[in-house]
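See structure below.
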There are 2 protein chains.
Amino acid sequence: MPRPSKLSPERGNARTRLLEAAQDIIRSKGFAATTVDDLCKQAEVTKGAFFHHFDSKEALGVAAAEYWTETTSAFFAAAPYHLPDDPLDRVLAYVAFRRAIIVGQIAEFTCLVGTMAQEVYAISPDIREACGKSIFGHAATLEGDIRAAMQARRIQGDWTPESLARHTQAVIQGGFVLAKAGNDPDLARESLDHLDRYIRCLFNVPDEVEA
Amino acid sequence: MPRPSKLSPERGNARTRLLEAAQDIIRSKGFAATTVDDLCKQAEVTKGAFFHHFDSKEALGVAAAEYWTETTSAFFAAAPYHLPDDPLDRVLAYVAFRRAIIVGQIAEFTCLVGTMAQEVYAISPDIREACGKSIFGHAATLEGDIRAAMQARRIQGDWTPESLARHTQAVIQGGFVLAKAGNDPDLARESLDHLDRYIRCLFNVPDEVEA
DNA sequence: ATATACATACCATTTAGTTTGTATTTAGTT
DNA sequence: AACTAAATACAAACTAAATGGTATGTATAT
């Protein structure tokens, strides 16, 4: 709940500004290399404000993961890939959507919680937990469409909707790693093309002719 | 080339010990959170030795990526997945091998260069470059078998051997990210099962009945 | 004799976190 | 409606510890 003050009316409160700075900076430098001063400078607040809102840098990490979960949940809920009538079309539209939003600088389209989880999984259980909830919670939003598609097309394999949903996230995260290692966003798109082909294969759908 | 001294005959030289410590510690804490003192303590050498062998912490990062490339190259070259006569069998054996070596603690089976690339891609071009060479160099070792399998089975899709080889690495890296986020190695194995299924699908091979 | 491979002690800077102070908002009382 | 008290949301200056790196010395190998 933002509290506008007379001195800084429209710029939002310090907490939100710090969380948004965290998204930017941590995605480009990683969590450990991001200093509290970095965050304060970018958010244009002082350290007093930082430690008023967060008990520690680790607490900011947890809050940043939770904030990421909130904002991305809303973003994906409002996305157009839910529109098709056929559930399999919705699943494929999701993959196409994930591919379509790979634009701009690497730090702009990669995943905060994937980056943080990989980095701090062993040293901060709290941050790891918050990142895990974010990733697996998002994966779970795909299960319904996958299950409905399986039933509609009478598909029965030795895999589950839950498993395929998680796999989509693994491919997305892995694509980000390759894009970073090769400094080329196309590497992330490429893996989503393979994922699209895999899902069509699982559901016996012929590949679409690509434009 | 280890240089045995009279004081420490069999323990290997400081450089190698530092590079091996780097593999362990960076895979569990990440590069930025790993301090020079951490490395020296684990390697049982002093800071003087560290900065004798490496100009900076960043230089150690580059050397660690290169050392990783050397040791893993030898490891995979000697692995049994090259044995099958049929090239597709070799590709599938590779995936099975990657699955089989997911054992023990997460930091023990995950990838140093994937972790480092994700973390430092924006702040250290040298480390990123070394990590990229490692990942894409390893991917390239799969291209021959994939290409041979395509020819042997007269497969022609809108994908290339290079692309599929990279995709295998994306799935592996993504599996590691999920395993870390969920604190469960099974998550990494699960994605390799999907990758196996995908490759069989691309080559029109029926799924094997799982044990 | 010289270069290599370390060890020891030290240093400047950076870093997360603290202390203290103050403007603004909210709640309670009259 | 006016006043007060307490809580909130910051700002500024400071601190102790950690960190990457250096300066210097020494044993070993060539």
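Residue numbers start from 1 in every chain, and the chains themselves are labelled A, B, ... in the order their sequence lines are given, proteins ahead of strands. FYI, side chains are in, hydrogens and waters are out, and symmetry mates aren't considered; it's all heavy atoms of this structure.
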Self-check item: Sequence-aligned protein contact record of nucleotides 21-26 of chain D, with B where the base is within under 4.0 Å of a protein heavy atom and S where only the sugar-phosphate is
Solution: BB----
Quiz item: Just wondering, more than 12 heavy atoms not from B/Q105 lying within 6.0 Å of its CD?
Solution: no
Over how many whole Å does the gap from [X] atom [atom1] to [N] atom [atom2] extend?
| X | N | atom1 | atom2 | value |
| --- | --- | --- | --- | --- |
| A/E44 | D/dA12 | CD | C1' | 17 Å |
| B/N13 | D/dA29 | CG | C1' | 14 Å |
| A/D37 | C/dT13 | CG | C1' | 12 Å |
| A/F54 | C/dT18 | CZ | C1' | 18 Å |
| B/R17 | C/dC6 | CZ | C1' | 13 Å |

Practice problem: Determine: side-chain N/O of B/H52 to OP1/OP2 of C/dA5, distance under 4.0 Å, yes or no. | Solution: yes
Quiz item: According to a strict under-4.0 Å criterion, is B/H53 in side-chain N/O contact with OP1 or OP2 of C/dA5?
Solution: no
Practice problem: Taking B/T115 for its side chain and B/C111 for its backbone only, find out whether a donor-acceptor pair lies under 3.5 Å. | Solution: yes
Quiz item: So A/E162 and A/R147, salt bridge (charged side-chain N to carboxylate O under 4.0 Å, His left out) or not? Walk me through it.
Solution: CA-CA 9 Å; A/E162 292 81 7; A/R147 187 173 294 108; 2.7 Å; yes
Using the benzene-type ring in the case of Trp, are the ring centres of [X] and [Y] under 6.0 Å apart?
| X | Y | value |
| --- | --- | --- |
| B/F203 | B/Y198 | no |
| B/H138 | B/Y94 | yes |
| B/F176 | A/Y121 | no |

Exercise. Scan B/T35 against the nucleic acid and name what it touches under 4.0 Å (heavy atoms): base, sugar-phosphate only, or nothing.
Key: sugar-phosphate
Exercise. Show the numbers, then the answer: is there a side chain to side chain donor-acceptor pair (under 3.5 Å) between B/Y67 and B/Q23?
Key: CA-CA 9 Å; B/Y67 184 68; B/Q23 285 185 10; 5.4 Å; no
Quiz prompt | Mutual orientation of the aromatic rings belonging to A/F97 and A/Y81 [parallel < 30°, tilted 30-60°, perpendicular > 60°] | solution = tilted
Quiz item: Is the NZ or CZ atom of A/K57 positioned over A/F50's six-membered ring, under 6.0 angstrom from the centre and within 45° of the axis?
Solution: no
Quiz prompt | Listed nucleotide nearest any side-chain atom of A/T46, set C/dA7, D/dA11, C/dA5 | solution = D/dA11
Quiz prompt | Strand DNA chain C in bracket notation, Watson-Crick/G-U under 3.5 Å with | for pairs to another chain | solution = ||||||||||||||||||||||||||||||
